[in-house]
Amino acid sequence: MQDIDFTIRNVAQFEGQQITLKGWVFNLRSSGKILFLIVRDGTGFMQCVVSKAEVGEEAFSKGKQLTQESSVILKGVIRKDARSPIGYEMDVNEFEIINISEEFPIALKDHGVGFLMSKRHLWLRSPKQHALLRIRAEVEQGIRDFLNQEGFVLIDSPILTGSAAEGTTNLFELDYFEEKAYLSQTGQLYQEAAAMAFGKVYCFGPTFRAEKSKTRRHLTEFWMVEPEMAFIEYEDNIIIQENLVFYLIQRCLKECSQELKALDRDISKLEQIKLPFPRVTYKAMLEFLNTKGREKTWGDDITGLDETIISEHYEQPVFITHLPVESTPFYMLPDPSNPRVVLAADLMAPEGYGEIVGGSQRVHDLNQLIDRIREQQLPEEIYQWYIDLRRYGTVPHSGFGMGLERVVGWIAGIDHIREASPFPRTIEKIYP
RNA sequence: UCCUCGAUAGCUCAAUGGUAGAGCGGCUGGCUGUUAACCAGUAGGUUGGGGGUUCGAGUCCCUCUCGGGGAGCCA
């Protein structure tokens, strides 16, 4: 029964034992009498040695027919070997070929990203992509574990919505039984409703933006976690955010060291992250940007280039706080002590990665909310249910949204977030 | 939507306006310690589509299509 449990990831437990390995030939080299197979089983990569002396003439010549990505079942003994990157190899004494793979399109050499994305269904098998998506899985699980420990309840927001949440960004429109509906760009407003029922809640799922963005930071479909907390105000909201981000870094350093190594990530950059994260007001950040040659005045957006400048300057994630009221969504609460700004903060990851979290305290006063909706000339009718939340036992509350692919991209140290998604959707990529 | 760069063998790329090539991958053979192995041989092309200039276009011009990078906007 023991060999059923064998995986390359826990190979060390099987030294000296006869095991069965089921997997795929990642690469192979052969000579007249010895065949080296690098086999992957989904958990890792390991070299397996087939020698003619061990398996016999007939089996050996059969083995020489193997190609890259052929599927095999190998039986053999695990042996410690200093030459192996994982410290162990397998001496094969018996093998079965499930399928001789046709010529695999992705050779073991450099390819262009356009080609690799067109073969995304096959590219997932490559070591770096494999490592990246394992890190994504760890981050996702980490987010759930952290929030559950903190007493949050998962309340899924709908993906099909009848109205735009923020009114500004482009939505994917679709026909909903002869009415217009949209793919959700945020679950936040629904989370506010849920927070009034459960206290601390979150949603975690795909969101959609039909903006024609073509940058390393954008996807048209991306995953976002959106916690929302009743009775939590601006300050505590920020503390939860930095604790979550810090937790995710620590967790990946601990659980994904192999993956980070496979990606050549400089983990010292992650190891030096410490709490609390610095906070800089929007106003002070404009002054900083102007010392870097930007010409920013009050009300200007912090653009992608600005984000790069900021996040290359700071070694820690940094909050940009007290954003100008005129350029922020209607639901953000103006600062009672300075109505020109809102009690909101965006979190910038270091090393040039830019914004990963955006959060704010929400407007909870009925009349103030109606005023802000009117100021921004939004269609009041469709927000009636949201306005209702301020009629029936309204309380101060706060929340934030964190982009999964951006966090994964930063932790993994990749240069474009599309690789942090198994099947990324970008402006011109819907297949495969 | 705009700016910019690009499209040549399966892939990554080369080729001054003058006979389309290399490396990798494939195939055949050789090799008992290779880590994207190495050595020898071999097959593989409507140079993205259309139009134009020219004695002659992969190369110059126009246009369309597709793709990379970036802007705006945002997580």
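Throughout, a chain's letter reflects where its sequence line sits, starting with A, and its residues are numbered from 1.
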Among [options], find the nucleotide with the atom closest to the side chain of [X].
X: A/Arg209; options: B/rG25, B/rG70, B/rA75; value: B/rA75
X: A/Lys64; options: B/rC31, B/rU35, B/rC73; value: B/rC31
X: A/Gln47; options: B/rU35, B/rG70, B/rA75; value: B/rU35
X: A/Glu103; options: B/rU12, B/rG25, B/rU34; value: B/rG25
X: A/Phe222; options: B/rA75, B/rC27, B/rG33; value: B/rA75
X: A/His416; options: B/rC27, B/rG69, B/rC73; value: B/rG69
X: A/Arg418; options: B/rU35, B/rA75, B/rG69; value: B/rG69

A/His397 and side-chain hydrogen bond (donor to acceptor under 3.5 Å, both in side chains): which single residue from A/Arg362, A/Glu192, A/His364, A/Glu233 fits?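 Passing option: A/Glu192.
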Using a cut-off of 4.0 Å on non-hydrogen atoms, how would the nucleic acid contact of A/Gly32 be classed: base, sugar-phosphate, or nothing? base
With a 4.0 Å cut-off on heavy atoms, is A/Ile106 in touch with a base, just the backbone sugar-phosphate, or nothing at all?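 Counting heavy atoms under 4.0 Å across all strands, no contact is made by A/Ile106.
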Would you say [X] reaches [N]'s phosphate, i.e. side-chain N/O to OP1/OP2 under 4.0 Å?
X: A/Thr303; N: B/rG72; result: yes
X: A/Arg83; N: B/rU34; result: no
X: A/Lys109; N: B/rC24; result: no
X: A/Asn27; N: B/rA37; result: yes

Donor-acceptor pair under 3.5 Å, [X] side chain vs [N] base:
X: A/Glu89; N: B/rG33; value: yes
X: A/Arg29; N: B/rC31; value: no
X: A/His111; N: B/rC11; value: no

Keeping the roles fixed (side chain from [X], backbone from [Y]), state whether a donor-acceptor pair exists under 3.5 Å.
X: A/Ser71; Y: A/Asn99; answer: yes
X: A/Ser84; Y: A/Ile86; answer: yes
X: A/Arg209; Y: A/Gln185; answer: yes

On RNA chain B, check which nucleotide each of A/Gly114 and A/Ala53 is closest to and give me the residue with the more 5' one. A/Ala53
Under 6.0 Å between the ring centres of A/Tyr331 and A/Tyr386?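 Distance test on ring centres: not under 6.0 Å, no.
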For B/rU1, the Watson-Crick or wobble partner whose two distances fall under 3.5 Å: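 Pair assignment: B/rU1 / B/rA71.
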